[in-house]
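A short write-up of the structure that comes next.
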Amino acid sequence: MFRIEYYDSLESTNDFIKNRKNESEGLVIVSKEQTKGRGQGNNSWSSEIGGLYFSILLKPDKLLTILPIIAGYTVLETLEGFGVDNLKIKWSNDILYNDSKISGILIESKILNNKPEYIILGCGINVNQKYINNVSEYNPISMKMITNEYYDLNIILNSLLKNFEKNYNRYYINENKELFELINTKIYMKGEKVNILTSNQNIIEGRIEKINYDGALVIKVEDNEKIIYSGKILKKKST
Ligand code: BTN
């Protein structure tokens, strides 16, 4: 499924692949470093040599609102395969090790008549860095900082793409119950009370219950279930 191109330095793999948006699904752009790596919102993404930075061009024939969760679960499953445990998916785009950020996902798409023209799935993973600039509200952490091992970036990328193909097809062909049960065992702050900043700037307090088939977050507010389609879990205050 994948055609991988490697670069030494790009501004941003997401921006670079956007210029190739007319190509068929499966193009992967990887760069050893990014000089203008982008994160969610207006954040930057620290992209020094040692991390894994790549973007995948996808062209599914229907909207896949679950894609960030499938991508996040794929990162988690892959890193666990390299001995990094205790990872959690923070809805909807981050992978955390305890309360530190090891990976982030940036999905950008163009939708026409309710159908994606293209989707760019950008992913950054902190792998071998010994020091990472802190650009987010969560302290950054790398695989090396956790295990003290050095990792071959290509081996991680190949394993991740293999896992992604499996999970993407599993979801794409039918909504897969087993995959969902697995995903729901890995939710950051599941069962805990959180504040969520919704896309219309309201703050809702509730207890995290699960992630739905469509990628929405289900929380319990008093005795009612509330479904959140887009928003952000606010950072818990350190005590
Ligand atoms: C976030 O957690 O805020 C998302 C970070 C996404 C970073 C990746 S690195 C590869 C791709 N190119 C970019 O400029 N950003 C994404």
Side-chain angles (χ1 to χ4, degrees), residues 2-21 23 26-58 67-76 78-79 84 87-110 118-129 132-143 145 151 153-154 156-158 160-161 164 186-189 196-197 199 215 217 230-235:
F2 297 111
R3 309 177 307 281
I4 312 177
E5 291 183 13
Y6 300 91
Y7 294 87
D8 283 338
S9 182
L10 293 176
E11 288 193 344
S12 152
T13 56
N14 265 35
D15 293 341
F16 187 87
I17 210 169
K18 208 169 281 171
N19 293 324
R20 309 269 299 269
K21 63 181 188 300
E23 297 187 22
L27 177 65
V28 181
I29 300 293
V30 194
S31 185
K32 283 188 184 155
E33 65 169 5
Q34 299 182 115
T35 53
K36 286 187 186 157
R38 294 188 293 108
Q40 297 286 327
N42 292 325
N43 288 342
S44 58
W45 180 258
S46 189
S47 308
E48 299 90 2
I49 288 192
L52 180 57
Y53 316 108
F54 64 95
S55 301
I56 311 176
L57 182 66
L58 295 172
L67 192 62
I69 303 295
I70 296 286
Y73 178 73
T74 301
V75 171
L76 182 149
T78 305
L79 302 197
V84 182
L87 299 173
K88 289 274 155 63
I89 302 167
K90 178 177 165 276
W91 183 81
S92 60
N93 288 293
D94 301 327
I95 306 301
L96 300 185
Y97 171 82
N98 298 327
D99 284 327
S100 299
K101 186 152 163 175
I102 194 163
S103 171
I105 288 157
L106 179 65
I107 293 184
E108 299 179 296
S109 57
K110 183 160 182 206
Y118 65 85
I119 297 180
I120 293 169
L121 194 171
C123 178
I125 305 177
N126 299 325
V127 182
N128 290 319
Q129 300 102 308
I132 307 165
N133 260 333
N134 193 351
V135 289
S136 117
E137 56 194 326
Y138 293 89
N139 286 330
I141 197 162
S142 68
M143 293 169 72
M145 289 173 195
Y151 298 89
L153 296 178
N154 254 335
I156 294 180
L157 178 69
N158 286 329
L160 192 143
L161 292 176
F164 180 72
K186 301 289 185 183
I187 304 303
Y188 179 68
M189 294 187 82
I196 295 169
L197 179 66
S199 40
L217 183 72
S230 72
K232 180 181 155 147
I233 298 173
L234 295 177
K235 191 165 192 253

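For ligands, and for the atoms within them, numbers begin at 1 and follow the listed sequence.
Side-chain atoms of Ser100 and Asn139 include no donor-acceptor pair closer than 3.5 Å. Side chain to side chain, Glu33 and Thr35 fail the donor-acceptor criterion of an N or O pair below 3.5 Å.
For Ser230, the side chain to side chain contact (heavy atoms under 4.5 Å, CB included) test picks out Ser199, with sequence neighbours left out. Looking at residues two or more places apart in sequence or on another chain, you find no salt bridge (charged side-chain N to carboxylate O under 4.0 Å, His left out) involving Lys88.
Taking NZ from Lys21 and CG from Leu27, the interatomic distance works out to 13.0 Å, rounded to the nearest 0.5 Å. Atoms CZ and OG1, from Phe164 and Thr78 in turn, are 11.0 Å apart once rounded to the nearest 0.5 Å. The CZ atom of Phe2 lies 9.0 Å from the CG atom of Leu157; values are rounded to the nearest 0.5 Å.
The nearest protein atom to atom 5 (C) of ligand 1, hydrogens excluded, is given as Trp45 CE3, 3.4 Å; this is a heavy-atom distance. Of all protein heavy atoms, the one lying nearest to atom 12 (N) of ligand 1 is Gln34 OE1, 2.9 Å. Among protein heavy atoms, atom 11 (C) of ligand 1 sits closest to Thr13 OG1, 3.3 Å. Nearest protein heavy-atom neighbour of atom 2 (O) of ligand 1: Lys101 NZ, 2.6 Å.
By the criterion of a heavy-atom distance under 4.0 Å, the backbone of Cys123, and not its side chain, is placed next to ligand 1.
Applying the 4.0 Å criterion to heavy atoms of Gln40 picks out, from ligand 1, the atoms 1 (C), 3 (O), 4 (C). With ligand atoms numbered from 1 in the order given, ligand 1 contributes 5 (C), 6 (C), 7 (C), 13 (C), 14 (O), 15 (N), 16 (C) to contacts under 4.0 Å with heavy atoms of Arg38. The distance from ligand 1 to the heavy atoms of Gly124 drops below 4.0 Å at these ligand atoms: 7 (C), 8 (C), 9 (S). Per-residue contacts place Gly37 under 4.0 angstrom from the following atoms of ligand 1 (heavy atoms of the residue considered): 14 (O). Short contacts between ligand 1 and Ile105, defined as distances under 4.0 Å to a heavy atom of the residue, involve ligand atoms 4 (C). Below 4.0 Å from some heavy atom of Gly39 lie the following atoms of ligand 1, by number and element: 1 (C), 3 (O), 4 (C), 5 (C). Within ligand 1, the atoms closer than 4.0 Å to a non-hydrogen atom of Asp94 are 2 (O), numbered from 1 in the order shown. Remark: ligand 1 atoms within the under-4.0 Å shell around heavy atoms of Phe54 are 10 (C).
Checked by distance only, ligand 1 and Ser12 come closer than 3.5 Å through their nitrogen or oxygen atoms.
Salt bridge Arg38/Asp15: present, at least one basic N to carboxylate O contact under 4.0 Å.
Evaluated for a side-chain contact (heavy atoms from CB on, under 4.5 Å) with Ile89, the options Leu96, Ile105, Leu76 yield exactly one hit, Leu76.
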